[in-house]
Number of protein chains: 2
Amino acid sequence: MNSGFESIAGSKRSLHVQVAREIARKILSGQLPQNSIIPSELELCEQFGVSRTALREAVKLLTSKGLLKSRPKVGTKVVERAYWNFLDSQLIEWMDGISDNDEFCSQFLGLRNAIEPEACALAARNATVEQRMKLSEIFEQMCDIANADVFDQVKWTSVDTQFHSLIFNSTGNVFYLPFGNILTTMFANFIHHSSTDGSTCIEEHRQIYSAIMAGNSDKARLASSTHLQAVKSKLPI
Amino acid sequence: MNSGFESIAGSKRSLHVQVAREIARKILSGQLPQNSIIPSELELCEQFGVSRTALREAVKLLTSKGLLKSRPKVGTKVVERAYWNFLDSQLIEWMDGISDNDEFCSQFLGLRNAIEPEACALAARNATVEQRMKLSEIFEQMCDIANADVFDQVKWTSVDTQFHSLIFNSTGNVFYLPFGNILTTMFANFIHHSSTDGSTCIEEHRQIYSAIMAGNSDKARLASSTHLQAVKSKLPI
DNA sequence: CACGCTAATTTGTATGATTTATTAATAGGG
DNA sequence: CCCTATTAATAAATCATACAAATTAGCGTG
């Protein structure tokens with residue numbers, strides 16, 4: 001293999017996404033340094049064993065995530081890390097195995113710490129009737145799972161994700177919407193709940209839940225902060 | 001014109017981006033409803049007057065921003081708003097003129113309120129020596145502009161943007177990085193500073209600046225909060 | 001009525017030709 | 001010898017066309 005790229009012919013998912021993932025991981029890991037020019041389209045086509053169409057769509061995908069920038073004659077360049085969109089779910093998925101998992105989760109918690117208490121406060125004020133009904137429904141499911149004889153970890157992660165996502169969707173603020181998907185991605189790919197999470201967390205969730213339902217934004221903010229502190233104490237770092 | 005799409009032949013920037021922008025704006029404005037199937041590739045090619053290559057790259061771009069999803073035989077569908085990535089700078093640019101500007105800025109302030117105080121606190125703790133030097137340099141420029149006889153609004157916006165962006169870059173947390181670009185985009189496209197901002201804000205910025213330089217994270221958080229409160233009071237709503 | 005097969009439609013991938021934009025080299029003039 | 005303008009080379013951008021794959025819908029048969 002001439003320059004570290006492997007052929008990926010014969011796989012399942014959309015071709016250009018696979019190619020994009022491969023290139024992305026080389027960028028994220030630093031194997032392709034920032035500000036460096038990556039090989040020309042034709043070279044990459046050969047190395048990946050795909051057509052220019054597929055490769056170009058992959059490059060476009062990475063460009064839209066801020067990883068690459070291409071100009072005629074000069075070539076395609078890896079842009080600096082400050083421009084990478086780490087708030088893109090797909091990019092986050094691609095980070096799997098690149099950086100230390102615990103550190104990554106810890107940094108994510110650093111984001112949640114900022115955004116979630118405020119999201120809960122906004123949701124307490126702005127959630128629609130439908131959203132409150134839905135939240136109520138989800139919380140009931142949480143209780144059921146927490147009180148069950150055997151703790152179903154998969155189900156817990158699912159409703160936990162739904163619970164927090166719905167809160168972001170209930171803020172009435174478009175800029176909070178994407179955090180629901182980011183959280184979902186992180187829960188699915190990086191954060192692994194322990195089997196005791198359900199029983200220990202249910203009271204914290206109840207605090208958040210009832211504060212939002214009561215429209216008490218200050219209490220909701222506080223309850224969320226408390227919950228995140230508890231989450232932090234469980235981290236290995 | 002058969003279904004509301006205009007030909008965009010003969011323009012400046014990259015073709016597929018222009019096409020993507022057109023489609024995106026129709027989605028963002030609701031002209032193309034959520035969950036609806038957009039016309040087939042061939043139809044869109046005709047309506048835009050571009051080749052299938054260009055159109056497909058446009059669709060891929062929108063897919064990566066969570067606006068579209070396409071499957072063979074079924075077609076390309078507008079996904080629901082909850083999945084749109086409003087934390088993507090390009091998408092934010094495309095919002096121009098779509099929603100009420102004041103409301104949009106107000107919602108953005110709702111995001112800054114959550115994220116920026118915490119970012120300042122993290123920067124106070126984690127900024128490297130180089131970043132502190134750079135911040136110091138930028139703050140000096142702010143002072144110069146604020147103290148100048150005639151207030152240069154363009155320069156002020158530029159250094160103000162740099163100041164806040166650098167703080168996000170100094171958090172040592174990858175998830176905070178994108179906010180620098182988002183803020184830059186918002187400042188450039190939506191937020192219009194009044195001519196008195198420089199003189200009135202310089203003290204607030206000094207508080208943030210010196211708290212970060214001193215490594216006092218609590219004070220930095222508080223100073224940022226105070227600053228945002230002042231910004232809020234200037235909003236028309 | 002149920003099941004499976006076929007056909008039609010739409011996106012996915014491939015390939016080659018042409019156009020455009022940018023750099024770099026080269027020639028001409030001061 | 002240096003500076004400027006023109007030109008040539010190059011890599012991405014766009015176009016056009018052909019074929020493959022996937023999925024749905026409809027047909028036909030048991």
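Values below: every heavy atom of this structure, side chains too, minus hydrogens, waters and symmetry copies. Only a predicted model underlies this, so the values are computations on that prediction, with no experimental measurement involved. In what follows, chains carry the letters A, B, and so on, assigned in the order in which the sequence lines appear, proteins first and then strands, with residues in each chain numbered from 1.
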Q: Under 3.5 Å, is there a donor-acceptor pair between the A/Ser64 and B/Ser64 side chains?
A: yes

Q: Can you run down the salt bridge (Lys or Arg N to Asp or Glu O under 4.0 Å) pairs that involve residues 82-94 of chain B, sequence neighbours left out, and say none if there aren't any?
A: B/Lys65-B/Asp88

Q: Tell me, which pairs form a salt bridge (Lys or Arg N to Asp or Glu O under 4.0 Å) where one or both residues lie in residues 135-151 of chain B, sequence neighbours left out?
A: B/Lys134-B/Glu137

Q: Please report how far the helix from C/dC1-D/dG30 to C/dG30-D/dC1 bends, comparing the axis fitted to its first five pairs with the axis fitted to its last five, to the nearest 10 degrees.
A: 0°

Q: If only atom types and distance count, is the side chain of A/Asn126 paired as donor or acceptor with the main-chain N or O of A/Thr171 below 3.5 Å?
A: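 Pair found, side chain donor or acceptor close to backbone of A/Thr171.
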
Q: Go along nucleotides 10-19 of chain D 5' to 3' and tag each nucleotide: B for a protein heavy atom under 4.0 Å from its base, S when only backbone or sugar atoms are that close, - otherwise.
A: BBSBBBB-B-

Q: Give me each pair satisfying salt bridge (Lys or Arg N to Asp or Glu O under 4.0 Å) with a member in residues 150-176 of chain B, each pair once, sequence neighbours excluded.
A: none

Q: Out of curiosity, A/Leu166 CG to A/Ile138 CD1, how far, rounded to the nearest 0.5 Å?
A: 5.0 Å

Q: Looking at residues at least two apart in the chain, or sitting in another chain, which of them share a side chain to side chain contact (heavy atoms under 4.5 Å, CB included) with A/Lys73?
A: none

